[in-house]
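Everything below concerns the one structure shown next.
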Amino acid sequence: MTLIKQLAVVLVSFTLFAVSTVSAKPFSPKKPIELIIPAGQGGGADEIARLVQGVIEKNDYASKPVIPINKKGGSGGEAMTYVKKKNGDVHTLMITLNNVLTTPTNQPELGIDFFNDFTPLARLITDTFLVWIATEGKNTAGINTFDEFIAKAKGGSLVMGGTGKMSEDELLLGMMRGQFGFDAKYVPYSGGGAVAKGLVGGESDFTLNNPSEQMGFYQSGDSKALVMMTPERNPAFPEVPSSYELGYPDLEYYMMRAFMAPAGIDAEVRDYYTGLLHTVYWDSEFQSFNIDDGKLMSWLEGYGLKDFLAVEYDKHSVIIENFK
Amino acid sequence: MSNISSKFTVKIAEIVVAVLLAMCSIALMIKSAENRIDWTAETNMGAGFLPFYLSAGMLVCTLITIGKFILKKSPQSKDDNPFIQVGAERYIYLTVISLCFLVLATAYIGIYISLIFFLAFYLKFFSNKSNIFIGLFAYETPILTFLFFEWLLKIPLPQGYSEPLFYPVYDFMYSESSLVEKIIYIIIILFLPPALGLLSKRFIK
Amino acid sequence: METFGLLLDGIFTSLQWFNLGLLIFGCLVGLFVGAMPGLGSVNGVAILIPITFIVPPTAAIIFLAAVYYGAMYGGAISSVMLGIPGASTAVATVFDGRPLAQKGDAITALSAAAVGSFVGGTVSVILFTLFAPPLAEVALAFNAPETFALMVMAFATFVGLGGDDIPKTVFSILIGLLLSTIGLDLISGKPRLILFGMPGFLHGINFLVLAIGIYGIGEMLWTLESTKGKVQMAKMEVNMNEIGKAFKKLKSTLMAMSIGSFLGFFVGILPAAGATPASLMSYGITKQLSKNSKEFGTGVPAGVVAPECANNSASTGSMLPMLTLGIPGSPTTAILLGGMILWGLTPGPLLFTQEPEFVWGLIGSLYIANFFTLVLNIALIPAFLMVLRIPFAILAPVIFVLCVTGGYAPTQSLHDVWLMLIFGFVGYVLRKLDYPVAPAVLSIVLGPLAENALRQTLILSDGSMGIFFDFGEKPIAASIMYIALVFLLMPLAGPIKRKFFKAKSA
């Protein structure tokens, strides 16, 4: 009898203990975390996503692995529809590039509500944009400064290689058209690498690329950058002037690399993932890789991030409106 | 059932398929026209240009096929054999239906649970294997599929409502215990039931 | 001479026991992943990227290149044994590999694939060693007009592949091209043919969905019907003697080997093209130039050797634009490229001089990986043949499971699995009515490449098609275009000649 009693006591206390630990335990993932990439393999977003995956895996920052999944369709439309459907799912994250700011406006038929369908977690990095020309370009030979370039571009129609209609670089071209009064023929390619190769191969005259995509040709001297669209010079490109220096403070544009979760998750879950990303952000390997690559480390979370996204979203809506 | 399908001859299939394809081509032409289908020097090729003319080409091809059918110029237009060989219909229909059920069920109860039912049904129907064999096969295949996709390749397959069932499995997979320990557990899970199955067979004998 | 020294260093690097271990393990992983329908080198490479953070970059790239290589061999195994192309690069292998296996000569098909792959891989790695830097210039000069011309040539080599019913063959080509236009249009930024507003169509239709549907599901239904569920598989003996006999049959495939190796390599180094058009073109050209071109498609060893030789050759070739220009020719090289960047290397013209140990370690490892995959493949032939001993009633559901998982894995969307089933059922019905299915599969592979290149060129030329035939402006594009025309007209040459001679003798 006593034995059974004792057993019962042990059982009950064990259950209580289990229950209490379950409720007191902070959130941790119960299955592998899906990291949705709204772009194809090999792009800038893909690179960061796989870097984050690698850093988490190498250092055991999370109890379950992160699995990157590319959903490149519809310029981010497919990924956003997928994450929207995953409302309340605590094992889904999405890395963003700027197409998440433009696609809801460009493709209203998808029915994506940027501000209510997602939970922004954190922005880790902003990538910069530069104006690139080939050193021995047939139409751009001898050009060394951004002003010379504008003069040339106004004179005749140059060809610009880009990453796809209505993508960031074409919007940027639209911005420059308004500011400097030149236009260019826009040829879309299937990725940043192909854009860079089109430039050096002589098919296009200039591009508005991120640093990493042109890095190889830049180092070998096959291509050169005329201006970086930031307030300050970047240590990775010491001799490239910033747009502020040249007197064009309106020419400022970034690619954000932020992370989002689906809407409808608890604050606890949001805090867990924000914390995880924060750990990744301060990982020395993550820091040095991005700084060497000319990216700006720019952690932002919470209300700051929300305000930032609201401002950027409106800014992009205006650019798209002007573009049409 | 066999009566209906023996009346459904190659001849009828040929014209039915050609008409259906022609209708699809027209629908695709209409759908393509949602984008610009013109090609002018200033605006260049519209996004709908290629799809529109490709489906127009498809329409022409099907119309020729229909024409050949009416003129009895194609071998199919004179073929009065049943479209599906007599005696084979049930294999085809059952395979098609069971595959559709497999995918439909995958969306709700996940692939691993659906596979058990699919394999059990399919083997019961098509093979003359014993129930014990079928049971074991339906048990082992989903486990091997899980190990291969989720563990080795890290490709998550759809789990639907059965997702919480797998939380303890993931906890085990990514726990601190050593690889050897994990493999021992997997071997037990994989080989204990077949061993029991063999034993029970001998026992019944 | 300096190159030779560097290469020897590279070979020794990959022969260090640690690297060699990784290399053999990588080959095995690749072989296995490549042999699964729907999974290819891209999956193998992607899952292993995180592991490579732990080892030095040279070891990492040796490992990943071995996976890539192994998967190229592996694709052939599923094409031959199951009749389902495991990757787009192995489509053409089905055309003759499958009939060979059905005739009971799977050993010849597998040996042809293994030897073809080995020869293609070796020839291309030698070409790579000798001519890498100047070839980078060629790759750089290859832009949109040249790519389109190449695609036209790829189509032209396939004129003879259709059936006898011309409207049905053309229909098959057109529907393949039409399916390839589904999704977001790169040039206009507009979604196209999003049928019924389903978001699943936004990413377009993956080639594998169509290929697995038609060759997996469709083929199984076909077999089920013709045998009423009671398939008797040919029994065969496997011993060294049989393999030796199979090797002897390969003597007749020397032409296929040389076409595959050289064509594969040159198509492979072109940034946009990659291994898939290379293997298709190699098959098409070998068929057209062969004396017994009528027999292609019924199971001739040359029909297996040509595409297998070319796809291995091209995958080595496609390392060239990746290393020297930083341009990925395929999703796999895209991930490799991402990996290189993460290891702190900058792909580009300077990589050869800045990181010789890495580059030559990689090239050296390709020699070794080639050798080991050949040995592994020959040694594993008996194991692959076990598949044929499985009773059909059990093999059928297993293949269906492989099809469903294989249709799901590339895009991870159930929408694609439904599409695959539909393609399978429709493909089965159409095949019974004599609509050839191979042209549709080819078109969906080549369609997007051709369309983008065409429309990019048209933007540059302000809508003029003349640019493709202008020797002064685009010499490379124009020459390819004219060669393509020759290939297009070649099937006509036969009947004309016959008519001419008939008229003369009459």
(Q) Please classify the contact between L115(B) and chain C as side chain, backbone, both or neither, with a heavy-atom cut-off of under 4.5 Å. (A) side chain
**Q.** Option in S188(C), S172(C), P397(C) with maximal non-hydrogen atom pairs under 4.5 Å from chain B
**A.** P397(C)
(Q) So for T95(B), is it side chain, backbone, both, or neither that comes closer than 4.5 Å to the heavy atoms of chain C? (A) side chain
Q | Part of L454(C) lying under 4.5 Å from any heavy atom of chain B | A | side chain
Q. Y428(C) versus I84(B): any side-chain heavy-atom pair under 4.5 Å?
A. yes
Q) Which region of L50(B), side chain (C-beta onward) or backbone (N, CA, C, O), has a non-hydrogen atom less than 4.5 Å from a non-hydrogen atom of chain C, or is it both or neither? A) side chain
(Q) If you define the side chain from C-beta out and look only at heavy atoms, does anything of V429(C) sit under 4.5 Å from F83(B)? (A) yes
Q) Which atoms form the tightest heavy-atom contact between K31(B) and F196(C), and what is the distance? A) NZ-N, 4.5 Å
Q: Name the region of Y53(B), side chain, backbone, both or neither, that has any atom closer than 4.5 Å to a heavy atom of chain C.
A: neither
**Q.** Per-residue contact mode, C24(B) against chain C (heavy atom under 4.5 angstrom)
**A.** neither
**Q.** Trace of the side chain to side chain contact (heavy atoms under 4.5 Å, CB included) decision for Y122(B) with F400(C)
**A.** CA-CA 11 Å; Y122(B) 205 91; F400(C) 287 134; 3.4 Å; yes
Q.
Need one label for F148(B): side chain, backbone, both or neither, based on atoms under 4.5 Å from any heavy atom in chain C.
A. side chain
Q. Side chain, backbone, both or neither: which part of L63(B) has an atom under 4.5 Å from a heavy atom of chain C?
A. neither
Q. How about Q76(B) and K432(C): does a side-chain donor come under 3.5 Å of a side-chain acceptor?
A. no
**Q.** Close side-chain approach of I394(C) and K129(B), heavy atoms under 4.5 Å
**A.** yes
(Q) I'd like to verify something: which residue of D185(C), L174(C), L433(C) has the highest number of heavy-atom pairs under 4.5 Å with chain B? (A) L433(C)
Q: Decide yes or no on side chain to side chain contact (heavy atoms under 4.5 Å, CB included) for D165(C) and K68(B), but give the supporting numbers first.
A: CA-CA 11 Å; D165(C) 193 329; K68(B) 279 170 95 175; 3.2 Å; yes
Q. So what's closer than 4.5 Å to chain C heavy atoms on L102(B): side chain, backbone, both or neither?
A. side chain
**Q.** M220(C) portion near chain B, given a 4.5 angstrom heavy-atom threshold
**A.** neither
Q.
Between D462(C), T405(C), L430(C), who has the most heavy-atom pairs with chain B when the cutoff is under 4.5 Å?
A. T405(C)
Q.
Quick check on the interface: out of V401(C), V404(C), I187(C), who has the most heavy-atom pairs with chain B under 4.5 Å?
A. V401(C)
Q.
If you count every heavy atom of other residues, nucleotides or ligands that lies below 6.0 Å from F125(B) atom CZ, does the total exceed 12?
A. yes
Q: Over all heavy atoms of both residues, which pair between V170(C) and C61(B) is shortest? Give the atoms and the distance, please.
A: CG1-SG, 3.6 Å
Q. What heavy-atom pair brings R192(C) and P51(B) nearest, and what distance separates the two atoms?
A. NH1-CD, 3.9 Å
Q: Find the one option among T181(C), I217(C), L193(C) whose heavy-atom pairs under 4.5 Å with chain B are most numerous.
A: L193(C)
Q | From CA spacing to verdict: side chain to side chain contact (heavy atoms under 4.5 Å, CB included), L153(B), L39(C) | A | CA-CA 10 Å; L153(B) 290 182; L39(C) 302 174; 3.2 Å; yes
Q) Does atom OH of Y167(B) have more than 12 heavy-atom neighbours, drawn from other residues, nucleotides or ligands, at distances under 6.0 Å? A) yes
Q | Under 4.5 Å from a heavy atom of chain C, the part of T145(B) involved | A | side chain
Q.
Need one label for L119(B): side chain, backbone, both or neither, based on atoms under 4.5 Å from any heavy atom in chain C.
A. side chain
Q. Contact part of F425(C) toward chain B, heavy-atom cut-off under 4.5 Å: side chain, backbone, both or neither?
A. side chain
Q) Looking at the rings of F149(B) and Y408(C), which for Trp means the six-membered one, are their centres under 6.0 Å apart? A) no
Q. Is it the backbone or the side chain of F49(B) that comes under 4.5 Å from a heavy atom of chain C, or both, or neither?
A. neither
Q) Can you name the nearest heavy-atom pair linking E225(C) to I92(B), along with the distance? A) CB-CD1, 3.8 Å
Q: Can you tell which part of F52(B) gets under 4.5 Å to a heavy atom of chain C, answering side chain, backbone, both or neither?
A: neither
Q.
Show the nearest heavy-atom pair for residues P156(B) and Q412(C), with the distance to one decimal.
A. CD-OE1, 3.8 Å
Q: For the pair V96(B) and L421(C), evaluate side chain to side chain contact (heavy atoms under 4.5 Å, CB included) and give the outcome as yes or no after the intermediate values.
A: CA-CA 9 Å; V96(B) 169; L421(C) 283 187; over 6 Å; no
Q) Are side-chain heavy atoms of I64(B) and F171(C) found at a separation under 4.5 Å? A) no
